[in-house]
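Keep in mind that the numbers below use all heavy atoms, side chains included, and drop hydrogens, waters and symmetry copies. What you are looking at is a predicted structure, and each value in this text was computed from that prediction instead of being measured.
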Amino acid sequence: HIYRSVAHSSPINEKVNTLSYFETLCVDTAAANVLINSSLMTLFVRMLRASKAPMLRIRLTSCMGLLLRHATYITEELSGCGVV
């Protein structure tokens, strides 16, 4: 549901609210390990490059930072999308 809410053409406020909720999931190490190596991170990078909305960019950057901070395992493939 998170991917669908953020990826599709929903209003910016809905995306920001979804990402605010997602931030609460990012601080758990086990969850961060799974989430950072999922398609969500690639989506966040693409959206960050394309978005001009400041609040959306802040939430995307915050989620990415939290995942990077709390993950203990990051796959090699992630470096290919330009995150690390």
Side-chain angles (χ1 to χ4, degrees):
H1 292 359
I2 291 172
Y3 190 98
R4 193 175 340 155
S5 175
V6 175
H8 293 332
S9 60
S10 52
I12 297 281
N13 286 344
E14 183 179 323
K15 292 179 184 189
V16 168
N17 289 339
T18 301
L19 290 169
S20 293
Y21 165 71
F22 185 74
E23 286 177 334
T24 66
L25 305 176
C26 296
V27 297
D28 178 66
T29 300
N33 286 334
V34 172
L35 295 169
I36 198 166
N37 296 302
S38 73
S39 58
L40 277 171
M41 195 63 150
T42 307
L43 171 67
F44 291 172
V45 171
R46 279 196 328 256
M47 289 181 68
L48 190 58
R49 288 180 180 150
S51 177
K52 301 287 187 219
M55 282 308 297
L56 181 58
R57 292 178 58 85
I58 289 168
R59 287 289 163 228
L60 287 166
T61 306
S62 178
C63 288
M64 292 168 67
L66 284 169
L67 288 173
L68 285 167
R69 161 66 179 91
H70 292 283
T72 57
Y73 176 73
I74 300 173
T75 61
E76 227 175 275
E77 291 83 30
L78 190 60
S79 64
C81 73
V83 174
V84 288

task = Output the distance between atom CG (Leu35) and atom NE2 (His70), rounded to the nearest 0.5 Å.
result =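 Those atoms lie 12.0 Å apart.
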task = With rounding to the nearest 0.5 Å, note down the distance linking OG1 in Thr42 to CE in Met47.
result =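 With rounding to 0.5 Å, OG1 (Thr42) is 13.0 Å from CE (Met47).
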Heavy atoms only: give me the nearest [X]-[Y] pair and the separation to one decimal.
{"X": "Leu40", "Y": "Tyr3", "value": "CD2-CD1, 3.7 Å"}
{"X": "Ala71", "Y": "Ala32", "value": "N-CB, 3.8 Å"}
{"X": "Leu48", "Y": "Thr61", "value": "CD1-OG1, 3.6 Å"}

inquiry  = Who clusters with Leu66? Use side-chain heavy atoms, under 4.5 angstrom, across I, L, V, M, F, W and Y, and order the result by chain and number.
reply    =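 Besides Leu66, the hydrophobic cluster comprises Val27, listed by chain and residue number.
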inquiry  = Taking salt bridge (Lys or Arg N to Asp or Glu O under 4.0 Å) as the cut-off, I'd like each qualifying pair that reaches into residues 1-13, sequence neighbours left out, listed once.
reply    =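 Counting only pairs at least two positions apart or across chains, no salt bridge (Lys or Arg N to Asp or Glu O under 4.0 Å) contact touches residues 1-13.
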query = Same hydrophobic cluster for Leu68 and Ile58, using side-chain heavy-atom links shorter than 4.5 Å among ILVMFWY?
reply =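 Yes, it is one cluster - the side chains of Leu68 and Ile58 are joined through contacts under 4.5 Å.
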request  = Report yes or no: does Asn33 contribute a side-chain atom to a donor-acceptor pair with the main-chain N or O of Ile74 at less than 3.5 Å?
outcome  =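 No, Asn33 side chain to Ile74 backbone: no donor-acceptor pair under 3.5 Å.
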inquiry  = Please check this pair: side chain of Arg57 against backbone of Ser51, looking for a donor-acceptor N/O pair closer than 3.5 Å.
reply    =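 Answer holds: yes.
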message = With a 4.5 Å cut-off on side-chain heavy atoms, are Ile2 and Leu25 touching?
response =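 In contact.
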ask   = Taking C-beta and beyond as the side chain, do Met64 and Val45 meet within less than 4.5 Å on heavy atoms?
value =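 Side-chain contact under 4.5 Å: yes.
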ask   = Passes side-chain contact (heavy atoms from CB on, under 4.5 Å), Leu67 versus Met41? Steps please.
value = CA-CA 9 Å; Leu67 288 173; Met41 195 63 150; 4.1 Å; yes
Donor-acceptor contacts, no H, no angles, side chain residues 14-24, under 3.5 Å, sequence neighbours left out:
unit_1, atom_1, unit_2, atom_2, d
Glu14, OE2, Ser5, OG, 3.4
Lys15, NZ, His8, O, 3.2
Asn17, ND2, Asn13, O, 3.3
Thr18, OG1, Ser5, OG, 2.7
Thr18, OG1, Glu14, O, 2.9
Ser20, OG, Val16, O, 3.0
Ser20, OG, Arg59, NE, 3.2
Glu23, OE1, Arg59, NH1, 3.2
Glu23, OE2, Arg59, NH1, 3.2
Glu23, OE2, Ser62, OG, 2.5
Thr24, OG1, Tyr21, O, 2.5

